[in-house]
Amino acid sequence: MIEKLTFLDCSEDQNTHSAGIIITDPRGVPRDVYHTSGVTPTPLQEILYGSSLETYVAIDCLALPLLKNLRDEPLILVRSQKLLHVRARVKIKTLLVTSGSPPCPHKRVEGSLGREFFVSPHYQFVEDLEGWSDLTLDLDPFEVFERISLFLSKAGQTV
Amino acid sequence: MTSILNSLLKKFLPCSVPRTFLTSSSVRIAAAETFVVETALGAATNKREVCQFQTLTGYHIHPFIIDILPVSPMKKSLLLVRHGGVRIHQKKLIKDKKFQGELIQKPKIFIHNLHSTKPGRFGRLYPILYPHFNRRFDNAAALPDGCTLPVFQIEGVMFLIERNSALLAHEMGSGKSIITIIAVRFLLQKARIGDVLIIAPRNLLHDWQTKLCKWASELNVTTITGDGQARKKLWKMKSHVYLTNYEIITQDATDVRQFDLIVYDEIQRTKNHRTRTHRASAILNAERKWGLSGTPLENSLSELVAVFSILKPGLLQKRRNDQAIKKVTEAIKPYVLRRPKTETMPDLPPIRSRVIWLRLTDGQREVYAEIEKQGIEHLNELGTAIKRGHVLALITRLKLICNLHPATFESCKFNYIIEKVNTIPRRNKILIFSQYPRKVLLELQRRLQQFPHTSALFYGSMPDREKIQIID
């Protein structure tokens, strides 16, 4: 029985990147929330970091410092392939959530109101998928990611 | 190549620069210094990037013997990278402020306590983090345990959230406040509003508090009460919902800041445009204004005009009643939603009214006749000085006698009620109304103590604390 779910997401708004984590109960009700301030790479930084900029900002600058603050090691759910790579840097089970055409291997999960979704592990950590067979969750993970996204966008305007 | 670079950079990097990236196999995503080198190495294959690099940094990069040289008048050579080998002339490249500034800075981390009574600067955004309503407003996580919204309430929520000016005029008891709370939560979740001011009659504030606690437990609610000084502080507190009454608004209206939404509960309280309540309510500023009322039109059309001059200024002009009804109805149609109880609660049995005529007891009849005689004599004595108030005062005295003998407390009504109470099973509830609660109901309550039914007395002039205790 999963007691806690950790949703990690990052957002980009006008070249400002930020990330947030919502730890929820199985119904999606938030227990803890963490988020970062915005990081805005300069044009020079964009050249210096090249194509690796997005991953570097998402993983090294945003996700890892956020995950360092977690009190325990819950399961992490992400919705972007880019963030799934955080698994290579932390010892926390991490799964990618998709609504269709999931990468292999994957497991099908029934969400709230019968809406199904899929979870896939990082290719180096397929064992993260253990315990996800025939699971039903009373929430829509994409709705939770949307909450993080909206919160980050509004928090960016507040700072 | 990368390992040579790493070892040399490790040697010359100042301590202030984090070194962890140097041990990483992926130098490419490590830090800006490394990228300077890598960009330089890759310069020959990406001319556009080299040009951009030179323009932005002022450093030249030679395509084969790759030099990074400052264009400054000092002409200091900072880093020389040779094809197939690396040689660092000076440590200055890394120390150079220009380069250090190009490292992407680590962001600040914010940790939120969602249940804090004093939410910080992000507190206004907390409702966004709670489960959002779906299109059918039926996701259990967003509603209190075991609660659902009937169709007419969902219709009411949709009606409110789609309008900046609205009058929700469902009949009393159909859950207008719950509809409003859900609509407020929806707008807060979507960050379409940041705060809301709810103005309600004083005796309904506790009801609002209870409902907000149940239906919107994630929201921070501030009730504005107390003296002027205390209220000033309360108005400044950070909150999602501010709750106050019309009396306070008449005092504080000019000092109240702008809100994203104002809800006027029992908005008919503002129906007379000459009153302070109306004027104070009208000067409040908000992008959205919603009114709630079970009886939006009590006497004349001017009341509706007054109400809409608050909700949507300029929509209605002052018109003569007889000519304007049709025009006013047309104009307000998009802003009013009214559902009668027959639609909102079709399962409720119809109200049955029975008027029962009782004969006064001998004692009541005697004292009634005496007071009536004295009263008429008094009115005759007053002659032309007689006023309506004199007559009403006499009627009131006579009505009281009909309820209760002033000395012996005999009462034909009490006798009837007691007889009826005896026949009603204990599990049922009985409501007894009187115009004179303190004089009549107190005595009735005393007499009802002999029965197993427990009783509670509630009247308008009762202190708020007592009212809350009784309701709870």
Side-chain angles (χ1 to χ4, degrees), chain A residues 17-22 24-53 55-57 59-62 64-66 68-69 88-89 112-113 138-140 143-144 146-155 157-159, chain B residues 20-21 24 26-36 38-39 42 46 48-53 55-57 98-99 101-115 120-134 136 138-142 189-191 194 218:
Chain A
H17 303 254
S18 53
I21 284 176
I22 298 187
T24 74
D25 68 9
R27 295 195 329 151
V29 178
R31 290 182 176 183
D32 291 303
V33 175
Y34 306 80
H35 80 103
T36 68
S37 59
V39 169
T40 312
T42 62
L44 176 58
Q45 284 167 344
E46 282 172 20
I47 292 165
L48 293 177
Y49 284 81
S51 59
S52 62
L53 179 90
T55 317
Y56 177 73
V57 170
I59 305 284
D60 291 73
C61 287
L62 302 173
L64 289 176
L66 269 181
K68 261 186 200 169
N69 283 283
R89 310 281 291 275
S112 63
L113 304 169
D138 193 17
L139 58 78
D140 173 3
E143 183 267 320
V144 185
E146 284 308 312
R147 283 189 238 160
I148 304 176
S149 187
L150 181 60
F151 181 83
L152 292 175
S153 130
K154 295 295 168 185
Q157 292 165 16
T158 308
V159 174
Chain B
T20 48
F21 67 88
S24 161
S26 176
V27 177
R28 184 167 284 278
I29 61 158
E33 286 89 347
T34 318
F35 274 91
V36 173
E38 292 215 341
T39 308
N46 190 346
R48 191 180 62 84
E49 225 172 52
V50 171
C51 288
Q52 280 181 329
F53 180 79
T55 314
L56 286 162
T57 63
K98 198 168 185 177
F99 265 105
E102 296 315 330
L103 281 168
I104 293 178
Q105 298 299 312
K106 290 277 190 284
K108 276 186 192 169
I109 306 290
F110 299 95
I111 300 170
H112 299 280
N113 176 5
L114 299 180
H115 307 292
R121 65 175 159 160
F122 296 108
R124 273 167 66 107
L125 305 177
Y126 286 175
I128 296 172
L129 298 166
Y130 283 83
H132 288 200
F133 290 109
N134 59 12
R136 289 179 296 185
D138 61 356
N139 46 331
Q189 284 173 359
K190 303 289 177 199
E218 79 276 19

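Letters A, B, ... mirror the listed sequences (proteins, then strands); counts begin at 1. Side chains are part of it too, since the values below use all heavy atoms of this structure and drop only hydrogens, waters and symmetry mates.
Summarising the geometry of Gly28(A) relative to Pro131(B), their closest heavy-atom pair is O-CG, 3.6 Å, with the distance given to 0.1 Å. In this structure, Phe151(A) and Leu125(B) approach most closely via the heavy-atom pair CE1-CB, 3.5 Å.
In this view, Lys106(B) satisfies the side chain to side chain donor-acceptor pair (under 3.5 Å) rule with no residue, not counting sequence neighbours. Applying the side chain to side chain contact (heavy atoms under 4.5 Å, CB included) criterion to Arg27(A), with sequence neighbours excluded, gives Asp25(A), Val29(A), Asp138(A), Ala140(B), Ala141(B), Asp145(B).
Within the 4.5 angstrom heavy-atom criterion, only backbone atoms of Gln189(B) (N, CA, C, O) approach chain A. Contacts of Ile22(A) with chain B are made by side-chain atoms alone, with heavy-atom separations under 4.5 Å and no backbone atom involved. If you measure heavy-atom distances from Val57(A) to chain B, the contacts under 4.5 Å come from the side chain alone.
Taken from NE2 in His35(A) to CG in Leu129(B), the straight-line distance is 9.0 Å, to the nearest 0.5 Å. The distance from the NZ atom of Lys190(B) to the NZ atom of Lys154(A) is 12.0 Å, given to the nearest 0.5 Å.
Contact annotation: the side chain of Leu66(A) approaches that of Ile109(B) to within less than 4.5 Å [non-hydrogen atoms, C-beta and beyond]. His132(B) places a side-chain heavy atom less than 4.5 Å from the side chain of Leu150(A).
The candidate from Asn69(A), Asp32(A), Ile59(A) with the greatest count of non-hydrogen atom pairs under 4.5 Å with chain B is Asn69(A).
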